[in-house]
Amino acid sequence: MEAPLFERILSLWRTLEPRERLVITAGSIIALVMLFYTFLWMPVQRDLTRLRVDVPKTQMQLTRMQVQTRQVTRLRSAATTNTPSGNLLSTLERSALDRGLRRNITRMAPDGSAGVRLALDGVGFNTLLRWLADLQQRSDVRVDSATINAQSDPGVVNARLLLRRPGT
């Protein structure tokens, strides 16, 4: 079936004048070039242009994600090392001893199951703030309420605090 079709086309080609053969050959070449350009070259060039823009953007995004991954890893490891151990009363007792504030605590009592009420007398204001900041950072202890009264000595205060751990 293929041979008769090919032979018919060949016999038709032989019957054409040389000028007609030239026109058909030139037209076929032009059509093939146009098909190649339309279906192969243009899509490849369009994709290359898009990729020249997209690849640097994607690389920047990857770099940002890698930085964020390192930050998340660092924060997660910091969170696991800062996880409070023991109950809140023992954490406060240990921390106050470490900071030399235990002698200033006149009252330390549980407030329900999640809080501790503290009374500190004659404590340095800056020392108190550093201790509270350290408790927040290392043991995830937050000040729920505070009443701070100045004493006659500059920088010395009496404090009444309610401390809690978030989520408890």
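Keep in mind it's a predicted model, so treat the numbers as computed, not measured.
In this structure, Gln59 CD and Gln61 CD are separated by 11.5 Å, a value rounded to the nearest 0.5 Å. How far CG of Leu92 is from CG of Leu101: 11.0 Å, rounded to the nearest 0.5 Å. Distance check: Asp144 CG to Arg117 CZ gives 8.5 Å after rounding to the nearest 0.5 Å. Separation of atoms CG (Asp54) and OG1 (Thr49) is listed at 10.5 Å; rounding is to 0.5 Å. Rounded to the nearest 0.5 Å, atoms CG (Leu16) and CG (Leu22) are 11.5 Å apart. In this structure, CZ in Phe125 is found 11.0 Å from CZ in Arg130, a value given to the nearest 0.5 Å.
The shortest side-chain heavy-atom distance between Asp98 and Arg94 falls under the 4.5 Å cut-off. Side-chain contact between Arg99 and Thr127 is absent, with no heavy atoms from C-beta onward closer than 4.5 Å. At least one side-chain heavy atom of Leu128 sits under 4.5 Å from a side-chain heavy atom of Leu161. A heavy-atom distance below 4.5 Å is not found between the side chains of Leu162 and Val143. Side-chain contact between Leu163 and Leu132 is present, with heavy atoms from C-beta onward closer than 4.5 Å. Residues Glu93 and Ile105 form no side-chain contact, since every pair of their non-hydrogen atoms from C-beta on lies 4.5 Å or further apart. Inter-residue side-chain proximity for Thr69 and Thr73 is flagged as met; some heavy-atom pair is nearer than 4.5 Å. Side-chain contact check for Arg64 versus Met60: some heavy-atom pair is nearer than 4.5 Å.
Salt bridge annotation for Arg160-Asp121: present, with a cationic side-chain nitrogen under 4.0 angstrom from a carboxylate oxygen. Remark: Asp140 engages Arg142 in a salt bridge, criterion side-chain N to carboxylate O under 4.0 Å.
Residues Pro110 and Leu89 come closest through the heavy atom pair CG-CD1, 3.8 Å. The two atoms that bring Asn158 and Gly122 nearest to each other are OD1-N, 2.9 Å, heavy atoms only. The two residues Val157 and Ala150 come nearest to each other via the heavy atoms CG1-CA, 4.1 Å.
Taking hydrophobic clusters as Ile, Leu, Val, Met, Phe, Trp and Tyr residues chained together by side-chain heavy-atom distances below 4.5 Å, Leu135 shares a cluster with Met108. Under the 4.5 Å side-chain heavy-atom criterion for Ile, Leu, Val, Met, Phe, Trp and Tyr, Leu129 and Val141 are members of the same hydrophobic cluster. Residues Trp41 and Leu51 fall into different hydrophobic clusters, defined by Ile, Leu, Val, Met, Phe, Trp and Tyr side chains chained together at heavy-atom separations under 4.5 Å. Put simply, Leu118 and Leu97 are part of two different groups of oily side chains (I, L, V, M, F, W, Y) that touch within less than 4.5 Å, one to the next.
The side chain to side chain donor-acceptor pair (under 3.5 Å) analysis of residues 10-39, with sequence neighbours excluded, yields no pairs.
There is a side-chain donor-acceptor pair under 3.5 Å between Thr91 and Arg165.
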